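Below is one structure, written out as structure tokens, with a few remarks after it.
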2 protein chains.
Amino acid sequence: MDSSFLLLPDAPAYARSRNPQFPANAADVSMHLRRYGARQRIFTAGDAARAIHEVAQGCVLVSRHLRDGRRQIIDIVGPGRLFGFALNHHSCTAEAIVASMVCSLDRDTAQASPAIAPRVHAAILRELDHMRDLAVILGRKSALERVATLLMALAGEETHRPVHLLLPISRTEMADYLGLTIETVSRSLSRMKQTGLISFRDAESIQVLNPDELRSIAQEALEDAA
Amino acid sequence: MDSSFLLLPDAPAYARSRNPQFPANAADVSMHLRRYGARQRIFTAGDAARAIHEVAQGCVLVSRHLRDGRRQIIDIVGPGRLFGFALNHHSCTAEAIVASMVCSLDRDTAQASPAIAPRVHAAILRELDHMRDLAVILGRKSALERVATLLMALAGEETHRPVHLLLPISRTEMADYLGLTIETVSRSLSRMKQTGLISFRDAESIQVLNPDELRSIAQEALEDAA
DNA sequence: CGGTACTTTGACCAAATTCAATCACTGTGG
DNA sequence: CCACAGTGATTGAATTTGGTCAAAGTACCG
């Protein structure tokens, strides 16, 4: 998690595994790798969308804001994932959640590259589907279901054995992602702890004891023909 | 709204104005125009995503379902707009809400066409942004704000004068789109009626009396650099 | 005219928010 | 090294919002 600088083609396994194809070749396009401190913004709502970005290291939070300060976190982006897709101007703000390395690539350059363009296209479609997941979470799930869904997303899809999670986000961020308040998130986690689904001593280090049960609470959407 | 069959290049003004570029030329690609009856499905979650679709006439509803039947409507697609973007398989179900004409185009063909591909790309990015709007609605807005947001979206962005809306959707569909129940939607509309923001005699024909006030209730997200 | 489907309204209830207090951990200065 | 702010998390009590259940109301259709 802390191998200081990394050039993207030499990204560590955990990054490559998430998105094995990007970037295909750092040499043939104009990209730059930049460090952002915690809470530092990568772009802000209203900015022209000139580049696409990849998290090389750390974690980036993409969010929208209402005038009165209410915030909806749209995406939590970990290493290997792309973000910052927009037609003309960003409607979201992206900020590093912890000190992070972000690789940015001119959008037109990316579009012109036959190696990269289709991969960006695929990433956009994945992002779109992810947003649909979020709509279901926010529109139709209870507080407990929302928190369970987030935990299972962080745990990864396929686990049946207990997993240990290091949460990249605070309770406030969980709440703003799940459309809840910190108190409700905290209560949901406490309830899960009490019923033996998870365990934790400190807030950011959670043991998922029963992934199958948690997944069933999470109410994954159905993907089958009915 | 009812000019029976139409070939897409001759789409009526209201369709062209929404998306003037698609399809560029019906002759040079393999597309077909098909009629769907009310409640008829265009595709179902789990289906392979082989085509992209455009509503030529009518209205299509894209939604996701949880196992227990809860539904989240993801998009309400009117004439001129594209839908059915997915990487491999659809995670959503699309159905005609009323008898509709839908123009479908093989995805690979569309990707291969230099005239069409960039327009599809733009439509996908618009869709993505629309989904982010929805996330804000569902995650951070009150019932009244949600209903106001929907009405203003249907009214169009720029209106200051009173507008007349013919709702393409029922209360149930409004509710499933806004993450509410029909009762709450109905109460919100009644409250708006009582406060003189809107008026209506029958459920699907609504007069927006005060667009500016309604817009301010809707709490549009901010798009400016802060 | 009667039936069905959809909407509205009301009364009550439950879930989540709000407000407030306490707790736990971190870092700072005496 | 320890006391003490300061921050974030948890827990509790009261309140609010929206959901549930039930009863009318309204329009449409045979």
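We name chains A, B, ... by the order of the sequence lines, and we start the count at 1 in each one. This structure is a prediction, so every number in the text was calculated from the model and none was measured.
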Lys/Arg N to Asp/Glu carboxylate O, [X] vs [Y], below 4.0 Å:
X      : Y      : answer
B/E127 : B/R81  : yes
A/R70  : B/E145 : yes
B/E173 : B/R39  : yes
B/D129 : B/R132 : yes
B/E220 : A/R67  : no

With heavy atoms of chain A within less than 4.0 Å as the criterion, where does contact along DNA chain D begin and end? D/dA9 to D/dA13
Sugar-phosphate or base contact per nucleotide [nucleotides 8-24 of chain C; S, B, -; heavy atom under 4.0 Å]: BBBB----SBBB-----
Quick one: sort the B/H130 and B/Y177 rings into parallel, tilted or perpendicular, breaks at 30° and 60°. parallel
Kindly write out the residues that satisfy salt bridge (charged side-chain N to carboxylate O under 4.0 Å, His left out) with A/D212, not counting sequence neighbours, or none if the list is empty.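 Residues passing salt bridge (charged side-chain N to carboxylate O under 4.0 Å, His left out) with A/D212: A/R215.
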